[in-house]
Amino acid sequence: MSLICAKRTLALPLRTPAVVNYLFPIFACLLWGANTIVTKLASGSVGPIDIGFFRWLVAAAVLLPFALPKLRHNLQTVRANLGRFLVLGCLGGVMYQCLAYYAAHFTSATNMGVIQALIPLIALALSRVFMGHPVRGAAIIGALISTAGVVAVVSQGDLARLAALGLNRGDAIMLIGALAFAAYNVLMQRWKIPLSMLESLFLQATAASLILLPVQLMAGTGVNNLTAVGCIGFAAVCASILAPLTWMTGLARLGAARVSGFFNLVPIVTAALAVLLLGESLSGWVLAGGVLAVSGVVFAEYSAKRATVVSEAEPV
């Protein structure tokens with residue numbers, strides 16, 4: 001009996017890491033979902049340019065001591081890719097984030113989260129157009145399902161009103177931001193710059209700060225209260241550093257095929273936190289549209305993974 005108990009005791013630590021690996025992408029999604037709530041809170045206490053600039057400036061400062069020793073050994077790679085890092089910083093750090101902060105003035109956090117669910121499908125479409133990646137029928141069906149969900153959310157079930165008035169200003173801004181972030185993801189995949197995640201994050205944060213600096217000097221209103229400081233701190237440390245690092249750790253330990261589906265948790269987390277913390281109402285149209293938006297992405301990804309498994313199993 002003592003030997004059996006000893007074996008069971010020794011076996012427990014071996015099983016724990018496999019479970020812990022799933023916590024990395026889940027934690028990243030929790031942080032990204034929470035950051036959408038922080039974005040909404042920031043809309044009443046700090047300007048979009050201010051939080052965008054200081055967020056990346058603080059992130060760059062925090063990352064500097066960790067990234068600098070590695071960058072010294074990769075100066076040739078850094079010089080060769082400076083233009084690419086400026087583009088990535090502009091798309092992911094400036095356009096997507098600043099547009100999200102602007103959108104928060106005109107739409108709900110729940111709507112923003114649902115629209116973010118379209119990012120993987122927009123990236124798929126961009127990959128097809130600019131990189132020639134094949135798009136399967138299942139991906140098209142998934143895109144149609146997700147699009148129907150987003151239309152249901154932004155129209156609140158009144159398609160005639162949506163056709164007559166167009167998109168809510170905030171929803172339209174958020175869609176443009178989602179397009180920018182999808183383009184960022186496609187370029188990250190295409191370029192595959194041979195630097196560590198820490199180095200890449202630091203260079204992108206620095207690029208975003210430099211791009212936003214003249215805008216901040218001309219149009220910034222400053223940081224005048226503790227709420228603004230808290231929003232900037234959360235966005236800089238949690239959403240700009242911890243979330244990407246934990247997500248990439250999950251990718252390294254579990255593989256892209258198993259981790260990509262976790263991104264669908266972001267709009268769910270956002271909607272739940274918006275109801276609990278912001279008092280936003282969860283109408284039937286928002287709930288149904290959110291389910292459709294997420295289901296479309298899940299269907300497309302599941303079908304793609306299944307097709308990959310079948311093709312690999314076929315004899316050559």
Side-chain angles (χ1 to χ4, degrees), residues 28-29 32 35-36 39 48-49 52-53 55-56 59 80-104 107 111-136 139-140 142-144 146-147 150 154 167 170-195 197 199-212 215 235 239-240 243-244 247-248 251 256 259-264 266-267 293 296-297 300-301 304:
C29 291
W32 278 324
N35 189 59
T36 305
T39 299
I49 298 301
F53 171 72
R55 163 189 182 163
W56 292 114
N81 291 281
L82 281 178
R84 291 179 172 179
F85 279 114
L86 284 172
V87 172
L88 292 172
C90 181
L91 288 172
V94 178
M95 289 186 65
Y96 173 62
Q97 299 297 342
C98 288
L99 287 173
Y101 293 131
Y102 274 114
T107 190
N111 279 28
M112 292 171 66
V114 171
I115 291 171
Q116 284 175 327
L118 286 179
I119 290 173
L121 292 177
I122 298 174
L124 183 65
L126 293 177
S127 296
R128 175 69 182 102
V129 173
F130 296 105
M131 298 175 64
H133 288 176
V135 177
R136 300 177 183 274
I140 297 174
L144 292 174
S146 289
T147 302
V150 173
V154 299
L167 283 176
D171 293 337
I173 294 172
M174 194 64 211
L175 278 170
I176 298 172
L179 177 62
F181 195 63
Y184 165 88
N185 284 312
V186 170
L187 291 176
M188 281 286 288
Q189 180 184 8
R190 181 173 185 174
W191 288 337
K192 294 180 179 177
I193 303 171
L195 293 175
M197 188 63 186
E199 293 169 281
S200 181
L201 274 177
F202 169 74
L203 291 171
Q204 290 180 51
T206 302
S209 300
L210 291 174
I211 293 170
L212 285 169
V215 185
S240 302
W247 182 262
M248 292 302 295
L251 285 174
V259 169
S260 58
F262 281 91
F263 188 80
N264 302 314
V266 175
V297 179
E301 290 184 354

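Just the heavy atoms: all of them, side chains too, but no hydrogens, waters or symmetry mates, feed the values below. What you are looking at is a predicted structure, and each value in this text was computed from that prediction instead of being measured.
Partners of Asn81 according to the side chain to side chain contact (heavy atoms under 4.5 Å, CB included) rule, which considers only residues two or more places apart in sequence or in another chain, are Thr77, Arg84, Phe85, Ile193. Applying the side chain to side chain contact (heavy atoms under 4.5 Å, CB included) rule to Ser240 yields the partners Arg55, Trp56, Ala59; only residues at least two apart in sequence or on another chain are considered.
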Criterion side-chain contact (heavy atoms from CB on, under 4.5 Å) on Asn111 and Met174, from CA distance to verdict: CA-CA 9 Å; Asn111 279 28; Met174 194 64 211; over 6 Å; no

Full working for side-chain contact (heavy atoms from CB on, under 4.5 Å) between Asp171 and Leu175: CA-CA 6 Å; Asp171 293 337; Leu175 278 170; 5.5 Å; no

From CA spacing to verdict: side-chain contact (heavy atoms from CB on, under 4.5 Å), Leu88, Tyr184: CA-CA 6 Å; Leu88 292 172; Tyr184 165 88; 3.8 Å; yes

side-chain contact (heavy atoms from CB on, under 4.5 Å) between Cys98 and Val215, intermediate numbers included: CA-CA 12 Å; Cys98 288; Val215 185; over 6 Å; no

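With rounding to the nearest 0.5 angstrom, the CG atom of Leu187 is 9.0 Å from the CG atom of Leu126. With rounding to the nearest 0.5 Å, the separation of CG in Leu86 from CG in Leu91 is 11.0 Å. One finds the CZ atom of Phe181 at 7.0 Å from the CD atom of Gln97 (value rounded to the nearest 0.5 Å).
A 4.5 Å side-chain heavy-atom check between Thr39 and Tyr102 finds every atom pair outside the cut-off.
The heavy-atom pair separating Met112 from Ala104 by the smallest distance is SD-CA, 3.9 Å. The shortest heavy-atom contact between Cys29 and Trp247 is SG-CZ3, 3.8 Å. For the pair Ala123 and Val186, the tightest heavy-atom approach, listed with the atom from each and the gap, is O-CG2, 3.4 Å. In terms of heavy atoms, Ile119 sits closest to Ala182 at O-CB, 3.8 Å. Taking every heavy atom of both residues into account, Thr36 and Gly113 meet most closely at CG2-N, 4.5 Å. Scanning all heavy atoms of the two residues, the minimum distance from Ala180 to Tyr96 falls at CB-N, 4.3 Å.
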